[in-house]
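To find a chain, count down the sequence lines: A is the first, B the second, and so on, and within it residues start at 1.
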Amino acid sequence: MLALDTLLDDLDFTAVLVVLIKVVVIFIVGLVGTMLMVWFERKVIAFMQNRIGPDKAGPKGLLQTLADGTKLFFKEDLVPDNANRFVFKLAPYLAFVPAFLVWSVIPLGGDFSNGKDGTVSLLGKATKLQLADPPVGVLLLLALSSIAIYGIMLAGWSSGSKYPLLGSVRASAQMVSYEAALGLSLASVILIAGTLSTSGIVFAQSSFSRWHVVATGVLPFVIFLIAATAELNRPPFDLVEAEQELVGGFNTEYSSIRFALFFLAEFMNTITMSGVIVTLFFGGPQPLKLGDGRLANVLSFLGPFSGTAWVLLKVLVFLYIYVWFRATLPRLRYDQLMNLGWKLMIPLGLGWFMLLAFFRIGQDEGWNRWAVGAAGIVVIGLSAALLSLAGKVSARNREREGAMF
Amino acid sequence: MEFLVFVLAGAMVLGGAIGVVVRNHPVHAALSLVLTLFGIAVLFVAQEANFLAAVQVIVYAGAIVVLFLFVIMLLGVDKAEDLRLEPFKVQRPVAAIVGGGLLVLLGMAVIASRDATTAVKGGGLETTTDDLPLTAANRMHDGNIRALARDVFSDHVLAFELTSVLLVIAVVATVMLARKPRKGDFVVEGTGK
């Protein structure tokens, strides 16, 4: 009854063992990856700010996160008097579990060369190097990112104090707004790939010109990257935990292991979101190939691990970009954040999606490509003019009523 | 296996539903609603209707209940209610009558449909046009995404567009209601504004 993986069709002991191995490996890799990510972020920021960064615990400070984590575990666990005890204790898990579950649909490797669909043989069973491959994989990602809101929202509310509440109200408004832009740029990818399954999306990106970052025309990728940063509440969109205004944001009242769970979830989300970007736009385990075998798989000497190596390499690039954002960009003001989301990214994402759909229809019907492009640009230009006109009128009305911005 | 999933998901749905009614704290009630919605999503997955399950979680749990919670938090009504107070006297008897009526109706519908399906051959869930069990049909149609899309965007496209018009009307109406009246605007007398 569960069509998540081909090997579950004839359930036997080996199949269960393979799934168990995959679960354990993903769990361990997730935890260790998060530990290394914290170290990586601190080191890179230190480098960008001309500091040394953690360097005492272990070689190059590699074990600093372990030391911090151990310290957090032995701290006193506080529950504020005003807190809603049940929800207060539930919230960290609601933040942590979705962060982990996203791993299950990201293709972490596999053999996609020469039109293979990424299945490998593990203990004599044909399986994909991802925990589950549901036909609605991408929607599962969206569902999990919308569940993740609950953790932050309830954490802030149940603390029973003002600053966490402000932080969590900001967080939920921000995440709900940017999820629309995220979904619209995702829709462009789905339109080009023609499938919702994550391994199907990777399968469709067989050469560099078919990578969705190129095939959808770069813009959806830019929108996705910005919206994802906002979803993650990372700088420059970290108004949720703006220390100068909100003490610590939604997690102010948390201590000990519950705080550690939030911390873990945040960094885990950064890694998984990079994985999602790589899967959707940069071909996941697909090697960098330019058309007909020129610049073939340069990592092919790794044999069956080359897919995993490519994923790792691409994810690292995005992790670096996220750290780079944090080190260089100043935080947005709240009205700037909302204006960017609602007035720029959502209309732009929608317009681009319509344009791609228009091209697709033109292709199917055999229309002249240039005529389709010209008509699309005219329509988009007109809509943009209308939108900016509406924006100007409402801004003038607001000014007349005496609003400050 | 399928029976076990059904029992567990059913317990989730029922437990959540009872929680919505019984918990006297609005936030706890909203969280119980999430439990119910998840149970329904699990039931969808058990029928191989993956798309419906995902959409159920994204739309209901991810958007609508978040909105509920948002309003509860912003308006500051997040206090436990005193259930002995009743501001609107007739609502409890009316609620009891409507609830009982709905229960009877649903029960009748279940009994009637059971008779109908046993009258058809096999007695299984042979409801699809392909004459296949529901799960097999769903599996064949790619987690029923394509079949659903074809249906919604061809046969029922008018209803679909009308629904979106309805949503736009709701948005416009909300903006109108939330707008502060300007000085020259029409004001109803006696409201003190």
Find out whether B:Asn50 and B:Val45 are in side-chain contact, i.e. whether some heavy atom of one side chain is under 4.5 Å from a heavy atom of the other. yes
Heavy-atom count around A:Met338 CE within 6.0 Å, excluding the residue itself: above 12? yes
Check: A:Arg360 side chain, A:Leu191 main-chain N or O, donor-acceptor pair, under 3.5 Å: yes
Would you say the rings of A:Trp157 and B:His25 are close, in the sense that their centroids are separated by under 6.0 Å? yes
Quick check: do B:Thr36 and B:Met12 have side-chain heavy atoms less than 4.5 Å from each other? no
Residue by residue, which of residues 137-153 of chain A have a heavy atom closer than 4.5 Å to a heavy atom belonging to chain B? A:Leu139, A:Leu142, A:Ala143, A:Ser146, A:Ile147, A:Ile149, A:Tyr150, A:Met153
Using non-hydrogen atoms and a 4.5 Å limit, figure out which bit of A:Val169 sits close to chain B: side chain, backbone, both or neither. both
Side chain, backbone, both or neither: which part of B:Val59 has a non-hydrogen atom closer than 4.5 Å to chain A? neither
Under 4.5 Å to a heavy atom of chain A? For B:Leu31 that would be side chain
Between the side chain of A:Thr195 and the main-chain N/O of A:Gly200, is any donor-acceptor distance below 3.5 Å? no
Output the distance between atom CZ (A:Phe262) and atom CZ (A:Phe96), rounded to the nearest 0.5 Å. 12.0 Å
